[in-house]
Novice: 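Right, I'll just put the structure down here and ask away after.
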Amino acid sequence: MLAQPATKYRAFSGISLPDRQWPSKTLTVAPLWMSSDLRDGNQSLFEPMNGERKMRMFRTLCQVGFKQIEVAFPSASQTEFDFVRNLIEGGHIPADVTIEVLTQSREHLIRRTMESLKGARQAIVHFYNATAPVFREVVFGMQKAEIVEMALQSVRLIKQLASEQPETEFTLEYSPEVFSSTEPEFALEICDAVSAEWCATPAKKLILNLPATVEGSTPNVYADQIEWMHRNLARRDSIILSLHPHNDRGTAVAAAELGLLAGADRVEGCLFGNGERTGNVDIVTLALNLYTQGVAPGLDFSDINAVARTVEYCNQLPIHPRHPYVGDLVFTAFSGSHQDAIKKGLAAQQQGTLWSVPYMPIDPADLGRSYDSVIRVNSQSGKGGVAYLMEMEYGVVMPRRLQVEFSGEVQAYTDSHGGEMTAQDIWKLFDDSYLHATDASLRYVGHHLFDAGMQGKAQVQGIELKLEVAGKMLHLKGRGNGPIDAAVHALQGAGIQVQVRSFEERSTKASQQAGDAQACAFLELASQGAERYGVGLDSNIVTASLQALISGVNRLGLQLVVKHAEPEAAAA
């Protein structure tokens, strides 16, 4: 059936723009970036972020370098409203960052939204109403004039409420929702009306956001629409022209790039493209595409793994292993011919020269990635199947990045010893590397958890951690939002600085070799640019997690600053 033309769909032919200029343009500067991870991205999650996850995401976005962050839809829920208040009242917003909030064109929602912003230094109030024919006719049952008046009433109300909050510098943003499916003449009419009502000037610019709310045509059509608006808008020097492409056709990145060529100044999107349906435009890909063309993106992704782990934690969604630039396998070659070309390219690449390595459009080191996982073996090389054997024979299902790390251990072993490894050989190497390393400087002995009181509304977890160090016992104390966080704090007091990149806990599958199932914890740790996994195995998940933490510290080669070790020898 799908092999035949679908007569039920209407092809969108775009607008007539025979003298279009964008095809001859080249991107030479980065746009203004606006992250919608905390709003558009958050509302698309099966389980929206809680306050702790939202705050962690906000801080990461600030660290990356976003100067405009859409933080909430304050009128949607008390949780959203409270998060905005927490940012403002808690002093969490850097001086050079402007928060943005979204509201529909309804009076009570606008009033609630403006209330959430009281006391902010600067804020963008982003309001929208749908302008496309199907929304006017089917959803609202309104004529064009009524749609325009709805938008103008919203502008008037926002101006009034803004005047009552003189301590805040307000910027207005307007989106004609489903712009890409709206008649160009009507989109122009309503945008010009809004900019006139706001009294936009070069000193008081209006943000006009032109979203492909539903991607319905090829990227070149969207670019034509943007260029037509760019050339015809009144008060163009008083307007920041913004793009908000969705990814229904899988071409949001291309649409954004062509839209920038067509005259846009700003892009709204999400890290790694999270968002409704197939997602928003992926800002990481957009920014790094610019970077590989010699254009400074204005965003710092030099530690892309840290950003990726934060996004996975906050969204509770995995990043695809083949995701551009950041996927776990994008710098991994399985093909023998690819491996050969990459090795030769890396050997020939000289420092300070233009990057030119086969199959690698970007230097992994620029993203904080290492070359360790560039050349990997798989089942075709005779050394693969490590993960399969670990799961089938011992019930241990390793995270993908641990598979990459451990396969390097296996390859190094086989290179130095020769021959093939049995399942028992692989398990012994895993045990020696992660669980019971004979050269470990630290050994987990025990722990005691206790209630450390409250911090704000959150319960604080305390821990007493008992370790063996050089034959002596050492007791450390720490506090945090959970056992792992408290243990990390305890280690910090003894001179060990580590960050937990990711944490997974799984039950080992019962197997003929391992016997009864146990809890298995995997912690990915980072310290001073190095990243290693630690693994713990115990009937108790907290114990397994703490064992994994100490395992990772040992694999990173970190040493405690021992100040108060007990005199008695450690128990055997």
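These numbers come from a predicted model, not from an experiment.
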Novice: Report yes or no: does Thr285 contribute a side-chain atom to a donor-acceptor pair with the main-chain N or O of Asp282 at less than 3.5 Å?
Specialist: no

Novice: Distance-only, no hydrogens or angles: does the Ser116 side chain make a donor-acceptor pair with backbone N or O of Phe81 under 3.5 Å?
Specialist: no

Novice: Between Phe135 and Phe140, how do the two ring planes meet: parallel, tilted or perpendicular, split at 30° and 60°?
Specialist: tilted

Novice: Taking Glu531 for the side chain and Ala526 for the main chain, is one N or O donor matched with an acceptor at less than 3.5 Å?
Specialist: no

Novice: Look only at the side chain of Arg121 and the backbone of Ile93, and say whether a donor-acceptor pair between them is shorter than 3.5 Å.
Specialist: yes

Novice: Donor-acceptor pair, distance only, cut-off 3.5 Å: does the side chain of Asn315 make one with the backbone of Leu317?
Specialist: no

Novice: Does the Thr251 side chain pair with the main chain of Ala255, one donor and one acceptor, at a distance under 3.5 Å?
Specialist: no

Novice: When you measure from the side chain of Glu312 to the backbone N and O of Ile319, does any donor-acceptor pair fall under 3.5 Å?
Specialist: yes

Novice: Could you tell me if the ring centre of Phe58 sits under 6.0 Å from that of His92?
Specialist: no

Novice: Strictly under 6.0 Å, is that where the ring centroids of Tyr174 and Tyr128 end up?
Specialist: no

Novice: Is a side-chain donor-acceptor pair under 3.5 Å present for Gln43 with Glu276?
Specialist: yes

Novice: Establish, yes or no, whether the cationic atom of Lys204 lies under 6.0 Å from the six-membered ring centre of Trp198 and within 45° of the ring axis.
Specialist: yes

Novice: Can a donor-acceptor pair be found between the side chains of Arg309 and Ser502 at a distance below 3.5 Å?
Specialist: no

Novice: For Asn274 and Cys270, indicate whether the former's side chain and the latter's backbone hold a donor-acceptor pair under 3.5 Å.
Specialist: no

Novice: With no hydrogens and no angle check, is any side-chain donor or acceptor of Gln122 less than 3.5 Å from a backbone partner on Val97?
Specialist: yes

Novice: Name the one of Ile207, Leu243, Leu260, Leu241 that satisfies side-chain contact (heavy atoms from CB on, under 4.5 Å) with Arg266?
Specialist: Ile207

Novice: Quick check: does any side chain N or O of Gln21 sit under 3.5 Å from a backbone N or O of Asp19, one acting as donor and the other as acceptor?
Specialist: yes

